[in-house]
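See below for the structure under consideration.
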Amino acid sequence: MTTRWLTPEEQRAWRAYIAASHLLEDAIDRQLQQEAGMPHVYYSILANLSEAQDRRLRMTDLAERTKITRSRLTYAVTRLEKDGAVRREGCPGDKRGSTAVLTDEGMTLLERTAPGHVDTVRAALFDRLTPEQVGQLEEICASVARGLEGDDTQAPPDGVPWLRRSPGPCT
């Protein structure tokens with residue numbers, strides 16, 4: 001097999017992407033640590049739960065939405081439970097399944113933290129882009145995500161741990 005090396009243009013784009021993604025994640029993590037004592041992944045868990053029906057999601061579905069492994073999610077939810085932001089409940093009819101539920105305390109924490117988070121995201125990313133570039137960014141990222149997760153025309157690649165399907169919602 002012959003390696004398809006990156007062209008100089010692709011190499012520059014790749015390196016720019018790596019630098020920007022690392023710097024952006026660092027800026028968001030620093031802001032959230034300073035204001036709320038939590039990393040970005042914990043904020044993402046709270047935000048996803050806040051958007052779910054009844055502020056609850058099956059753990060496997062939450063792992064898929066946040067794009068983290070189930071073991072990393074379990075660790076994060078355990079920490080958020082200790083802080084009173086989330087509670088875990090069993091799934092009726094599925095003894096192996098569990099659901100993460102955003103508590104009132106967690107919602108209060110999210111509401112208090114969200115303005116600073118949005119300000120950081122806006123200053124670090126969106127204030128630097130034109131409206132046309134925002135559309136291009138969405139299009140590019142959605143295309144990459146579809147390719148990595150699989151879409152209607154192809155199955156997801158092996159080894160994407162958060163795409164393991166759960167039996168369905170807890171009822």
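In this chain, numbering begins with 1 at the start of the sequence shown. Just so it is clear, the structure is predicted and the values come from calculations on it, not from any experiment.
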Could you pull out every donor-acceptor pair under 3.5 Å between side chains of residues 110-121 and any protein atom, sequence neighbours left out?
| from | atom 1 | to | atom 2 | distance (Å) |
| --- | --- | --- | --- | --- |
| T113 | OG1 | L109 | O | 2.7 |
| T120 | OG1 | G116 | O | 3.0 |

Quiz: residues 6-17 side-chain donor-acceptor pairs under 3.5 angstrom, not counting sequence neighbours:
| from | atom 1 | to | atom 2 | distance (Å) |
| --- | --- | --- | --- | --- |
| T7 | OG1 | E9 | OE1 | 3.4 |
| T7 | OG1 | E10 | N | 3.0 |
| T7 | OG1 | E10 | OE1 | 3.4 |
| E10 | OE1 | T7 | N | 2.8 |
| Q11 | OE1 | R15 | NE | 3.2 |

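T78 pairs by the side chain to side chain donor-acceptor pair (under 3.5 Å) definition with R88, not counting sequence neighbours. Every salt bridge (Lys or Arg N to Asp or Glu O under 4.0 Å) that D104 has, sequence neighbours left out, goes to R55. For R30, the salt bridge (Lys or Arg N to Asp or Glu O under 4.0 Å) criterion is met by D26, not counting sequence neighbours. Considering only residues two or more places apart in sequence or on other chains, R87 meets the side chain to side chain donor-acceptor pair (under 3.5 Å) condition with E89. By the side chain to side chain donor-acceptor pair (under 3.5 Å) test, R79 is found to be paired with D83, residues two or more places apart in sequence or in another chain being considered. Scored by the salt bridge (Lys or Arg N to Asp or Glu O under 4.0 Å) test, D29 finds no partners at all (sequence neighbours excluded).
Although no hydrogens or angles enter the test, the distance criterion places no donor-acceptor pair under 3.5 Å between the side chain of R56 and the main chain of A52.
Sequence neighbours left out, not one pair with a member in residues 85-115 passes ring-ring contact (aromatic ring centres under 6.0 Å, His included). Residue pairs meeting the ring-ring contact (aromatic ring centres under 6.0 Å, His included) criterion with at least one partner in residues 64-89, sequence neighbours excluded, are absent. For residues 38-49, every residue pair satisfying the side-chain hydrogen bond (donor to acceptor under 3.5 Å, both in side chains) rule, not counting sequence neighbours, is listed here: E25-H40.
Closest of all the heavy-atom pairs between L80 and I45 is CD1-CG2, 3.9 Å. Between A124 and L24 the shortest heavy-atom distance is CB-CD1, 3.6 Å. A pairwise comparison of heavy atoms in Q33 and P39 identifies NE2-N, 3.4 Å as the closest pair. Closest approach of A63 and L73 over heavy atoms only: N-CD2, 3.5 Å. Counting all heavy atoms, side chain and backbone alike, R58 lies closest to G97 at NH2-CA, 3.7 Å. Among all heavy-atom pairs drawn from G84 and T103, the shortest one is O-OG1, 2.6 Å.
Remark: T74 OG1 to I68 CD1 distance equals 8.5 Å, nearest 0.5 Å. Atoms CD and SG, on E139 and C141 in that order, are 10.5 Å from each other to the nearest 0.5 Å. Annotation: the span from L23 atom CG to I18 atom CD1 amounts to 11.0 Å, rounded to 0.5 Å. Distance check: T2 OG1 to R4 CZ gives 11.0 Å after rounding to the nearest 0.5 Å.
Side-chain heavy atoms closer than 4.5 Å link hydrophobic residues (I, L, V, M, F, W, Y) into clusters, and following such links, possibly through other members, connects L62 to V41. In the hydrophobic clustering of ILVMFWY residues, with side-chain heavy atoms under 4.5 Å counting as a link, M107 and V86 come out together.
Alongside M1, the hydrophobic cluster contains no other residue (criterion: ILVMFWY side chains under 4.5 Å).
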I'd like to know whether Q133 forms a side chain to side chain contact (heavy atoms under 4.5 Å, CB included) with R128, so could you lay out the CA-CA distance, the side-chain angles of the two residues, the decisive distance to 0.1 Å, and finally the verdict.
CA-CA 9 Å; Q133 288 172 318; R128 300 170 189 279; over 6 Å; no
